[in-house]
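The structure appears right after this line, and notes come after that.
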Amino acid sequence: MAYGGPTQVVDGLLATPSGMTLYVFDKDVAGSGKSVCNGGCATNWPPLMASGSDMPSGDYSVVTRDDGQKQWAFKGKPLYLWVKDSKPGDKTGDGFNNVWHVVKP
């Protein structure tokens, strides 16, 4: 985990350490401690997974998914990747179905 959280800022957006854009889902309730994107949703929107030893820090928290695995959240909203982003800097999921959005810290 990077200091201050599991992400970096690239072009004003949150991204993974490898530069892949991160997204939030409008149907997730901030601060609920869970993700509502499971099953087929999580196939298309892979969660930014946390390990069992990862600890909350600043705006970053860890939520427990329906399958018991851990996922990073930013300001209470679980973080996801988009399966159709193929290279660092892609942000093709922004605005998808008007419920998926890039994360601006």
* Asked: About how many Å separate NZ of Lys84 and CH2 of Trp45, when rounded to the nearest 0.5 Å?
  -> 9.5 Å
* Say whether Thr64 and Lys70, considering side chains only, have a donor N or O and an acceptor N or O under 3.5 Å apart. => yes
* With sequence neighbours excluded, give me every disulfide (SG to SG under 2.5 Å) pair touching residues 56-105. => none
Show every donor-acceptor pair shorter than 3.5 Å between a side-chain atom in residues 19-31 and any protein atom, with sequence neighbours excluded, or say none if there are none.
from	atom 1	to	atom 2	distance (Å)
Thr21	OG1	Asp90	O	2.6
Tyr23	OH	Asp85	OD2	2.6
Tyr23	OH	Thr92	N	3.4
Tyr23	OH	Gly93	N	3.2
Asp26	OD1	His101	NE2	3.3
Asp26	OD2	His101	NE2	3.0
Asp28	OD1	Val36	N	2.7
Asp28	OD2	Tyr80	OH	2.7

* Asked: Tell me, which pairs form a disulfide (SG to SG under 2.5 Å) where one or both residues lie in residues 21-102, sequence neighbours left out?
  -> Cys37-Cys41
* Backbone N/O of Gln69 and side chain of Asp67: donor-acceptor pair under 3.5 Å -> yes
* With side chains defined as the heavy atoms from C-beta onward, is the minimum distance between Leu14 and Val9 less than 4.5 Å? -> yes
* To do: Count the heavy atoms of every other residue, nucleotide or ligand shown that sit under 6.0 Å from CG of Asp11, and state whether that count exceeds 12.
  => no
* Structure fact -> Residues Pro17 and Pro6: closest non-hydrogen pair is CD-O, 3.4 Å
* What is the distance from atom CG of Leu48 to atom CH2 of Trp72, rounded to the nearest 0.5 Å? -> 8.5 Å
* Structure fact -> So NZ of Lys77 and OG of Ser32: to nearest 0.5 Å the spacing works out to 8.5 Å
* Of all residues at least two apart in sequence or in a different chain, which pass the side-chain contact (heavy atoms from CB on, under 4.5 Å) check with Pro46? -> Leu81
* Asked: How far does CH2 of Trp100 sit from CH2 of Trp82, to the nearest 0.5 angstrom?
  -> 8.5 Å
* Nearest atoms (heavy-atom pairs only) where Gly33 meets Val63 -> O-CB, 3.3 Å
* Asked: Just by distance, do the side chain of Asp94 and the backbone of Val102 share a donor-acceptor pair under 3.5 Å?
  -> yes
* If you round to the nearest 0.5 Å, how far is NZ of Lys75 from CG of Leu79? -> 11.5 Å
* To do: Could you name each residue pair satisfying disulfide (SG to SG under 2.5 Å) that touches residues 47-78, not counting sequence neighbours?
  => none
* Shortest non-hydrogen contact from Ser61 toward Pro56 -> CA-CB, 4.0 Å
* Please name the pair of heavy atoms, one in Ala42 and one in Pro47, separated by the smallest distance, quoted to 0.1 Å. => O-CD, 4.1 Å
* Do Gln71 side-chain atoms and Ala50 backbone N/O form a donor-acceptor pair below 3.5 Å? -> no
* Asked: Going by heavy atoms in the side chains, are Met55 and Val62 under 4.5 Å from each other?
  -> no
* Structure fact -> Residues pairing under disulfide (SG to SG under 2.5 Å) where one sits in residues 43-105, two or more places apart or in two chains, turn out to be none
* Ignoring hydrogens and angles, tell me if any N or O in the side chain of Gln8 forms a donor-acceptor pair with the backbone of Thr16 under 3.5 Å. => yes
